[in-house]
Amino acid sequence: MGNLPLANILRHKLRSVLSAVGIGIGICMLVTLSGLARGSLYEVADRWESVDAELIVYPRIWGDNVTTLSGVGLPDRRIVHLPEAHPDIVIDAVPAFLWRMELAGQDQLVVGVDSAAEAWKRLTGGRTLIRGRWCEQDVRADDGRTASQWLTETLLADEPDTTPPGESPRLPDWPETQPAGAPRHDAVLSMRHIQAQLRQRGGFELVIDARLADAGGYHVGQTVRAGNHDWRIVGVVPAGGLGRVFMPRRVAQFVFGSGDIRVSTLGFVKLRDGVEPGEAAARLTDATRQAVQVRQYRHMLEEKFGVMFRYVDMVNVIALVIAFLFIMVTLYTMVLQRTRDIAILKACGASNGFILRQVMGESLLLTAAGLVAGVGMSFLAAWGIETTRPLLTVTITWRWLVTAAGVAAVGAVASALYPAWRATRVDVAAALTLE
Amino acid sequence: MSENGYIIEGRDLVKAYGTGRAQVRVLRGLNLAVARGEFVSVMGPSGCGKSTLLHVLGLITPADSGVVALDGEPAPDGEGGRAALRRERIGFVFQRFNLLNVLSAIDNVAISLRLRGQKLDGNVRHLFEWMGVAHVMRRRPAEMSIGEQQRVAVVRALAHRPAIVLADEPTGNLDSENAEALLALLVNLNRQFAQTIVMITHSPAAAAHADRVVTMRDGRILHATS
Ligand SMILES: Nc1ncnc2c1ncn2[C@@H]1O[C@H](COP(=O)(O)OP(=O)(O)OP(=O)(O)O)[C@@H](O)[C@H]1O
Ligand SMILES: [Mg+2]
């Protein structure tokens, strides 16, 4: 056979392995970092798109990008009246209160959603519980009311929300929540009383997704501390829904929304079949309410975190340039060491093209080995990352593998050019004469 | 074949290295013509320019002036055309380091054939046997004696059936026994297959195997003996 590039590579095993590992690390960084950055981001986008709704509505003043917002946002009535106000296009509108809590060592999106009409199923994309039950199903109070019902009836009973659409609702007072005989100014006692009520009515209950359960080692029945409260985990849903943590919306509003249970963060709007979402969004947008397609969320994320992609890509470019400089130096020293071999080939009449192909062949073989090593390392790294940090997502796509292969091929050729050119310039007579 | 019948011919060859005071004038109007089927030895003191002559005749090094003609045809100036002639017509054997270290004997021959657009064939196996090196075919140079390496080098020089074999002190690194064996093979090659050989040597004993011995001095061929 007489494959000179292969023979040269096999002859200098350590050098070849090191070169391939150098390339491999570059390739692995490209695939893994891109996969991690894009994977973690697109996993969030996928989760939003899994919601069984076409539009989100939120306060217009928030602008075009709502990727990092949570807490108090759009008044509930600006959401729940939509099916009534636009029966021709809207089937359902589900308010959601979004918040962030640290669980399993990471910030988690907490979704406050109503158990009524199983609104939560819309936000979990139809996923049903795989373990346990939904929140507020085990009420220990005599009147049998859930925390949500109790909060609604206690705080909103005497005070129907009459704020005209577009105006901020007035914060309610809640003196009547004081137990009889308690001193009215004792706010701490009052708060304790409310918390006790919520607790025995299933208010401080969480449903988490399977991935978070794995990551945190959480199980149904366990009590966790987060956001200054103790929560009981009562159910587990498959991962892929909007949030990793779900809780009763009224409780979220009350606890995280400064006590105002008339305002959610945003609403998800389910449209009738055949309604064009773009047109519907335009119709539901007014002076204070913005409606956008759920699909937009992906672009919002890209817009917000696109700069991160650029940093990651820059780091990758630097890693690859270093890897290929390494290959170039390796090839160059190989050419310098082998002037006699090259001279013999040229004495035999080898054309410049033949010499060039030998050096290129060596570069391509080293790079191919590096590519294989790099892809292998990438899958290993992805596995390692997802095992040690289960909430991170490393998405290794064909697109990025092909990109890596393309980059490797271009890098192999580019880094071989100068050494190959030097090889064609070898002075045959001098190389054969001088010892 | 050309009219005068010379398979390779150097006419008025001039070659100098360096410039000015440091200039070494190696070939100074040298003439040498070799007929088809001839075995010519070139002798001369060390540093007189024997290797330079071989490189010029073998179209590795261009002469400053003068003509190298193959079959009466002046060789072209461009490296492309010269490399093509080297591939087709010439086989080299050098003093040592003839073989690529990373390749086995057979692969050394194979790559030389491949760059000539040819493949290994039965002829190559015969050559290995004929040169008495069939047993080292799969070995790399480091696993062969120098004598074996030189004989493999001859196999490679012959494998593509070149018109001319140019050998630069092929026995220079061999003990007398191995040298004799190699020379006997070259003589055989010349007698049996009418292979044209130009061999450079220091050794009068080696030179004596040739049909004709020429001596170089002061950049010219001094005199010829038969
Ligand atoms: N590339 C070069 N650059 C400069 N000088 C050179 C070069 N090659 C050869 N020379 C000089 O040219 C002269 C002839 O060298 P050459 O190698 O042809 O001699 P030689 O007869 O083959 O010697 P030897 O018998 O020792 O092999 C020497 O003086 C040598 O130093
Ligand atoms: Mg010499």
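Throughout, a chain's letter reflects where its sequence line sits, starting with A, and its residues are numbered from 1. Nothing here was measured: the structure is a model prediction, and the numbers come from that model.
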>> Quick one, R11(A) with N101(B), criterion side-chain hydrogen bond (donor to acceptor under 3.5 Å, both in side chains). Give me CA distance, side-chain angles, the key distance, then yes/no.
In response: CA-CA 9 Å; R11(A) 190 60 209 271; N101(B) 280 321; over 6 Å; no

> Could you go step by step and tell me if R82(B) and D77(B) meet the salt bridge (charged side-chain N to carboxylate O under 4.0 Å, His left out) rule?
Replying inline: CA-CA 7 Å; R82(B) 294 163 69 87; D77(B) 290 333; 5.3 Å; no

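Between R89(B) and E73(B) there is no salt bridge, since no side-chain nitrogen of the basic residue lies less than 4.0 Å from a carboxylate oxygen of the acidic one. With salt bridges taken as basic N to acidic carboxylate O contacts below 4.0 Å, none links R140(B) and D107(B).
For S51(B), no part lies under 4.5 angstrom from a heavy atom of chain A. Both the backbone and the side chain of L345(A) come within contact range of chain B, judged by heavy atoms closer than 4.5 Å. When heavy atoms are compared at a cutoff of 4.5 Å, L100(B) approaches chain A by way of both its backbone and its side chain.
Ranked by heavy-atom pairs shorter than 4.5 Å toward chain A, the options R156(B), Q95(B), E88(B), E79(B) are led by R156(B). The greatest number of non-hydrogen atom pairs below 4.5 Å with chain B, out of A7(A), G353(A), S351(A), C348(A), is found for C348(A). In terms of non-hydrogen atom pairs under 4.5 Å with chain B, the most contact-rich of V428(A), I344(A), L10(A) is I344(A). Listed options I90(B), T52(B), N98(B), L113(B) were ranked by heavy-atom pairs under 4.5 angstrom with chain A; first place goes to N98(B). Contact tally against chain B (heavy-atom pairs below 4.5 Å) for A350(A), A343(A), A347(A): the top residue is A347(A).
Checking side-chain atoms of S415(A) against main-chain N and O of A412(A) turns up a donor-acceptor pair under 3.5 Å.
Under the ring-ring contact (aromatic ring centres under 6.0 Å, His included) criterion, Y332(A) pairs with Y418(A), sequence neighbours left out.
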